Every structure is written in C-alpha cells, then in structure tokens.
Amino acid sequence: MKSKLTVYNTLSRKKEEFTPIDDQVIGMYVCGPTVYGDAHLGHAKSYVSFDLIYRYLLHIYPRVKYVQNITDVGHLTDDADEGDDKIAKQSRLEKVDPMAVVEKYMHNYFRDMDALNVKRADIYPRPSGHIQEQVESIQTLIDKGFAYEANGSVYFDVSKYDESFDYGKLSGRTIEQLLEGAANRELSGQSDKKNPFDFALWKKAEPSHLMQWNSPWGKGYPGWHIECTVMSQKYLGENFDIHGGGLENAFPHHECEIAQAEALTSKSFANYWLHNNMVTINGQKMGKSLGNGIFCHELFTGDNFQLDRAYSPMTVRFFILQSHYRSTLDFSNEALDAASKGLGRLQDAVLKLDELVAVADGKEEVAEWIESLYSAMNDDFNSPIAIAQLFEGAKLINSVADGKKQINQENLDKLKKAFKDFYFDILGLEIEGKAEVDNEVTDELMQLIIQFRQAAKEERDYATADKIRDKLKEMKIVIKDHKDGASWEYED
RNA sequence: GGUCACGUGGCCGAGUGGUUAGGCAGUGGUCUGCAAAACCAUCUACAGCGGUUCGAAUCCGCUCGUGACCUCCA
C-alpha cells in the first residue's frame with residue numbers, strides 16, 4: 001500500500017492524514033441510537049458507514065477499540081411534545097416499563113444491524129448504567145466553575161468555558177452568532193439558565209417522570225450530551241482518535257461533548273471528528289412528519305407502501321456503500337433495483353473466481369489494480385470508487401473464465417486475496433440470495449432434474465425440455481443454460 | 001434572520017483545471033434449438049448567468065433550487 005489514509009475531519013473542514021495516538025490500538029466512539037423505535041433507513045446508512053470505517057481500520061491496524069452508546073435514558077422529544085421523553089412516551093404508548101421499551105428496540109436494532117452484516121462494537125455502554133460517572137463529572141464541572149445549579153437542574157456555563165476555550169469550533173459557530181440566532185427565535189423554558197446557549201447537564205425530574213435518579217441536586221436525570229463525554233472517556237481515555245456520528249448531531253450534541261470534555265480534563269478530546277450524511281427518499285428528506293420513513297425490517301420484507309418489493313439486506317448494504325458516507329443518499333425503488341442487479345453481477349464474478357485456472361505464462365498483472373483499491377479506501381473511505389474497481393476486477397475474472405485472458409498462479413492468488421480483503425472483509429459484503437444454495441437435498445434434486453432436461457435436449461425433445469423449464473419457472477426456480485451444462489437459482 | 005452543505009447524462013452515484021469513473025436502464029453484438037441468463041462493446045452530463053484562465057463541469061461572484069443545523073428534539 002503506497003498511499004496513506006486520509007480522513008475528512010469536521011474540526012478542520014478538510015482531509016487530513018490519519019495519525020493514530022497509538023498505532024497498536026485505535027480508539028473510536030460513535031453515537032448510537034436512542035432505542036425507542038425500530039431502526040430505519042437512516043440508521044442503516046449511518047451504522048453501515050461507520051462499519052465500513054471500522055472494518056477498514058481493522059484491516060490496517062492490529063486492533064481497534066470500538067465503542068458505541070445505546071441511549072436508554074429518554075431525553076426530550078421535540079417542542080410539540082412538551083418535555084416528554086421519547087422512551088417514556090413510547091412506554092406509555094405500549095403500556096410497558098421504559099426499560100422494556102429499551103430492551104425491545106435494542107434487540108431489534110441488533111437484529112437489523114446483524115442482517116446488514118454490521119460488525120458488533122466492542123462495548124455498547126448505556127447511560128442508565130453510568131449515572132454515577134455522569135454525576136461525578138457534573139460535580140467536577142461545578143467545582144471547576146464551568147457549571148452551575150439552578151432550581152434542581154445543572155447547566156453548563158458556555159461563556160465561562162469560552163473564556164479559556166473555543167466554543168463552536170466544530171460547527172463553525174460563535175457565541176455571538178448563537179445569541180443572534182436565539183434573538184430571532186421564540187424560546188421557552190429558559191428561565192433557569194444564565195444564557196440561552198447554556199445547556200443542561202442534569203435535569204430536575206417532575207414526579208411523573210418515569211426515569212429518575214438521586215443526585216446531589218435532587219431527583220433527576222442526566223442531560224443528553226454528558227453521556228457521550230463520560231462514556232467515551234471511560235472506555236477510550238481522555239484523548240482518543242475518532243469520534244463519529246450523524247451530521248445533524250455536530251451541533252449542538254458534539255459541540256457540547258467537546259466543551260464538557262475539555263472543561264473536565266483541560267485536554268483535547270477526540271482528534272478526528274467524522275460525520276455521515278443523511279438519507280432522502282425520492283429526493284425528499286425522510287422524517288416522521290412527512291410520513292415517509294422506512295424501517296430496516298420493512299426493506300427486508302417489502303412491507304411499506306413506498307416499496308415495490310423486498311430488498312435483501314446485502315442489497316441495502318451495497319446500495320449504501322455505493323455512495324460516499326459524507327454524501328446524502330437518495331432512496332428510490334429504481335435505485336435499489338439497480339443496486340440489486342449490480343451486486344448480483346459482482347457476486348457471480350466472486351463465485352467464478354474460485355473456478356479460475358492459472359496458466360504458467362499468464363500475462364495479466366493485478367498489482368496496480370490492487371493499489372487502486374487501497375487508494376480509494378485511503379481517500380476518506382471512498383467505497384463507491386472501491387466498488388467501481390471491484391467491477392473492473394469482475395471484468396478481468398470474466399475474461400479469464402472465458403479464456404480471453406490468461407493469468408498466472410501468483411497473480412491469481414493476489415486477485416483472490418484482494419476480493420477476500422475488499423469484497424468480504426472491508427466492504428462486508430456476503431454471497432447471498434439467488435447465488436446461495438440453501439439446502440443440499442434441494443440442490444441434488446435439482447441436479448437430477450437438470451440431467452433429465454439435458455438428456456431431453458440431446459434427443460431434440462424440446463417439448464419436454466421446455467416443459468421442465470416452464471414448470472420450474474412457476475415454482476420460482478430459474479434454469480440457466482451454459483456452454484456445458486446448466487445451473488439453477490431461485491427467482492429474485 | 002444566521003451558519004453550513006449540495007445541485008453531474010433516463011435513474012443512482014464518483015471525480016476533477018486540459019485525459020473513459022462505476023452500476024442500472026437503453027442500443028449493438030457473441031452465445032443459444034428457442035428464450036432467459038451470462039459475456040463483450042457502446043450513446044446521452046456536469047442548475048442558470050457572469051468573471052479568472054491558453055483552457056472550467058472543476059476556481060471566484062451572483063441568481064435559482066434542495067437540504068442540515070441554530071440549545072435543551074440521536
């Protein structure tokens with residue numbers, strides 16, 4: 001590998017060479033879901049993107065310590081819901097305990113991510129299990145003068161922090177701008193705060209609030225930024241390599257995380273901030289209010305009014321990886337169909353790879369092509385380019401299979417290794433669906449039927465041969481004739 | 001109102017100061033008893049208007065359009 005890994009760092013707004021703190025173990029923290037509902041297409045894009053990043057780092061470095069939070073203390077819903085927390089709201093709807101809501105949707109989250117072949121993180125810390133740590137950190141912030149208590153709640157003093165640090169450096173904002181912005185908007189419930197841009201570290205709980213804990217400031221629950229600061233530092237140290245999350249969280253969530261962390265330790269927090277972009281549906285943003293959300297499990301079953309059919313998890317994964325993680329991705333049935341067909345072609349080539357035969361004087365070289373795969377991934381994890389290169393590799397495989405090109409053993413081994421590395425390990429794609437034989441007996445039976453049909457064909461009994469083909473077609477089984485023999489697969 | 005992205009061919013989606021991205025669809029061809037599949041080849045582009053430049057889709061400005069965020073909503 002000649003080129004070096006560069007990543008787009010939101011902090012500097014440009015691509016930077018990635019230099020780890022310790023090249024033996026990379027630390028990465030990614031903001032996980034709040035588990036009050038099923039994972040949707042947006043979650044899929046986000047966590048497949050970071051899975052790609054995780055997998056590539058694993059390929060380059062000996063070890064990657066990957067931490068992703070699962071938020072299980074409510075936090076608030078939007079203004080219209082008036083201070084109700086999301087999990088509490090869902091628990092009333094489903095008439096179960098808040099923690100039962102958490103359990104249910106956390107399991108669904110893992111179910112869907114597993115289907116998408118998203119590798120599990122090393123640690124999935126939950127804020128409800130880190131109340132003690134959060135309370136301690138908040139107390140430290142108060143002791144250091146960066147936070148103040150007001151009426152049972154604790155707020156972070158942004159202007160105090162900004163005196164010695166730089167609030168807004170991640171999102172490119174200044175306090176002046178924030179004040180201006182605030183002046184133009186109607187804000188409620190600001191009375192306890194010294195400044196409108198201060199944010200909550202600890203929130204006093206009303207008696208009706210379902211999730212609350214004891215603290216030095218009375219019963220309450222942690223603010224929605226402190227969990228990430230506390231849990232990332234607990235498992236990765238005060239200063240670590242990568243912090244990731246959705247672009248929409250850069251401000252205020254990640255900005256506040258940085259403020260809390262720097263105020264606590266006086267050290268810089270994460271070195272590289274990576275943000276993934278969002279999903280649009282037929283050019284429109286996906287949102288609850290628009291009613292155009294699509295859950296992962298709906299994609300897999302086709303059970304959504306916007307879906308023409310079901311799309312396999314690998315198709316969805318491939319679709320996501322065909323665009324860059326920092327670009328928005330537009331969903332449509334047409335685009336998913338295109339991804340499905342493209343992936344099928346790539347899969348066929350991968351399957352063909354095992355059957356290739358090397359010849360001693362084969363002239364095809366693959367070193368340069370492999371280098372192009374690394375250059376693509378080293379350029380801020382550019383999976384669309386890597387995939388385009390894999391299609392070039394597929395062309396080579398097909399040409400060799402057709403006898404139009406020759407390859408020697410050394411290059412064939414390199415070709416196989418590259419597909420194992422990039423197709424399977426880094427892009428995390430698997431052979432699935434139509435190319436997969438799910439049952440040995442079925443396959444043996446099919447081989448028998450194919451033999452009978454071949455025999456009929458040899459005797460020019462095309463009526464019988466076609467009848468077999470048509471009947472199988474009715475059973476959603478497709479016969480594919482080849483030069484020598486035939487193969488079969490389930491209809492997509 | 002403020003901050004920041006983006007606008008590429010029928011569709012999705014990379015990239016870039018002068019050279020083919022790639023996939024899907026389309027078209028032509030090879031193969032086939034026929035069909036399908038597969039394989040090979042190939043067409044259509046850079047929102048609009050100005051400016052910088054020998055040369056811009058790529059840099060700058062403006063216009064139009066889309067989107068994210070603006071503190072207690074991952």
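Letters A, B, ... are given to chains in the order of the sequence lines, protein chains preceding strands, and every chain is numbered from 1. Values in this document were obtained by computation on a predicted structure and should not be read as measured data.
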Indicate, with a heavy-atom threshold strictly under 4.0 Å, whether A:His324 touches base, sugar-phosphate, or nothing. sugar-phosphate

At 4.0 Å (heavy atoms only), tell me whether A:Ser399 reaches a base, stays on the sugar-phosphate, or touches nothing. nothing

Among A:Asn277, A:Ile320, A:Asp380, which residue satisfies the side chain to side chain contact (heavy atoms under 4.5 Å, CB included) criterion with A:Tyr325? A:Asp380

Evaluate the criterion side-chain contact (heavy atoms from CB on, under 4.5 Å) for residue pair A:Tyr423 and A:Gln347; output intermediate values, then yes/no. CA-CA 9 Å; A:Tyr423 182 89; A:Gln347 279 187 3; 3.2 Å; yes

Interatomic distance at P, B:A41 relative to B:C24, whole Å: 13 Å

Rounded to the Å, how far apart are A:Ile468 CD1 and B:G33 C1'? 15 Å

Below 3.5 Å is the cut-off: list the nitrogen or oxygen pairs between protein and nucleotides 21-23 of chain B, distance only.
unit_1: B:G23; atom_1: OP1; unit_2: A:Arg345; atom_2: NH2; d: 3.3

So, OP1 or OP2 of B:G67: does either fall under 4.0 Å of a side-chain N or O from A:Thr280? no

From C-beta outward on A:Lys404, which listed nucleotide comes closest to its side chain: B:C34, B:C39, B:C69? B:C39

Which pair of non-hydrogen atoms, one from A:Ala386 and one from A:Leu373, has the smallest distance, and what is that distance? O-CD2, 3.5 Å

So what does A:Arg469 hit on the nucleic acid, given a heavy-atom distance under 4.0 Å: a base, only sugar-phosphate, or nothing? base

What's the CG-P distance between A:Leu346 and B:C39, to the nearest Å? 11 Å

Residue pair A:Thr464 / A:Glu459, side-chain heavy-atom distance below 4.5 Å: no

Interatomic distance where CG belongs to A:Leu247 and C1' belongs to B:C6 [whole Å]: 11 Å

Compute the centroid of each ring, for A:Tyr311 and then for A:Phe319, and state whether the two points are separated by less than 6.0 Å. no

Taking B:A38, B:C72, B:C11 as options, the one with an atom nearest any side-chain atom of A:Lys352 is B:A38

Within this structure, what is the NZ-to-C1' distance between A:Lys193 and B:C72, rounded to whole angstrom? 5 Å

Could A:Arg345 and A:Phe391 be counted as a cation-pi pair, given that NZ or CZ must be under 6.0 Å from the ring centre and within 45° of the axis? no

Closest approach of A:Cys31 and A:Asn69, non-hydrogen atoms and distance? CA-OD1, 3.2 Å

Derivation and outcome, side-chain contact (heavy atoms from CB on, under 4.5 Å), residues A:Met314 and A:Ile431: CA-CA 8 Å; A:Met314 271 311 115; A:Ile431 302 295; over 6 Å; no

C1' atom, B:G15 versus B:A45: distance in rounded Å? 13 Å

Side-chain heavy-atom pair A:Arg173, A:Glu255 within 4.5 angstrom cut-off: no

So what does A:Gly32 touch, heavy atoms closer than 4.0 Å: a base, only the sugar-phosphate, or nothing? sugar-phosphate

Got a donor-acceptor pair under 3.5 Å from the side chain of A:Asp481 to the base of B:A35? yes

Ranking A:Arg460 and A:Ile479 by the position along RNA chain B of their nearest nucleotide, the one closer to 5' is A:Arg460

At under 4.0 Å between heavy atoms, what does A:Thr328 touch on the DNA or RNA strands: base, sugar-phosphate, or nothing? sugar-phosphate

What is the nucleic acid contact for A:Glu334, judged by heavy atoms within less than 4.0 Å: base, sugar-phosphate only, or nothing? sugar-phosphate

How is A:Leu329 classified with respect to the nucleic acid when contacts are heavy atoms under 4.0 Å: base, sugar-phosphate, or nothing? sugar-phosphate

Using atom C1' in both nucleotides, what's the gap between B:C11 and B:A68 to the nearest angstrom? 25 Å

Length of the CZ-P vector between A:Phe319 and B:A14, whole Å: 10 Å

Classify the side chain of A:Asp466 and the base of B:G33 as holding, or not holding, a donor-acceptor pair under 3.5 Å. yes

Atom-to-atom span, CH2 of A:Trp369 to P of B:U20 - whole angstrom: 22 Å

For residues A:Tyr167 and A:Phe197, establish whether the separation of their ring centroids is below 6.0 Å. no

Measure the distance from CZ on A:Arg453 to P on B:G33 and round it to the nearest whole Å. 11 Å

Compute the ring centroids of A:Tyr235 and A:His130, then answer whether they are less than 6.0 Å apart. yes

Protein-nucleotide distance (A:Ile397, atom CD1; B:A38, atom C1'), rounded to Å: 14 Å

Of the options B:C40, B:G33, B:C69, whose atoms approach the side-chain atoms of A:Arg173 most closely? B:C69

For A:Gly172, which contact category applies under a 4.0 Å heavy-atom criterion: base, sugar-phosphate, or nothing? sugar-phosphate

Below 4.0 Å: OP1/OP2 of B:G15 and any side-chain N or O of A:Asn382: yes

Please work out the stems of RNA chain B from pairs that are Watson-Crick or G-U wobble with both distances under 3.5 Å, keeping only runs of three or more consecutive pairs. B:1-7 with B:64-70, B:10-12 with B:22-24, B:26-30 with B:38-42, B:47-51 with B:59-63

Among the nucleotides B:A36, B:C39, B:C72, which one has an atom lying closest to any side-chain atom of A:Asn398? B:C39

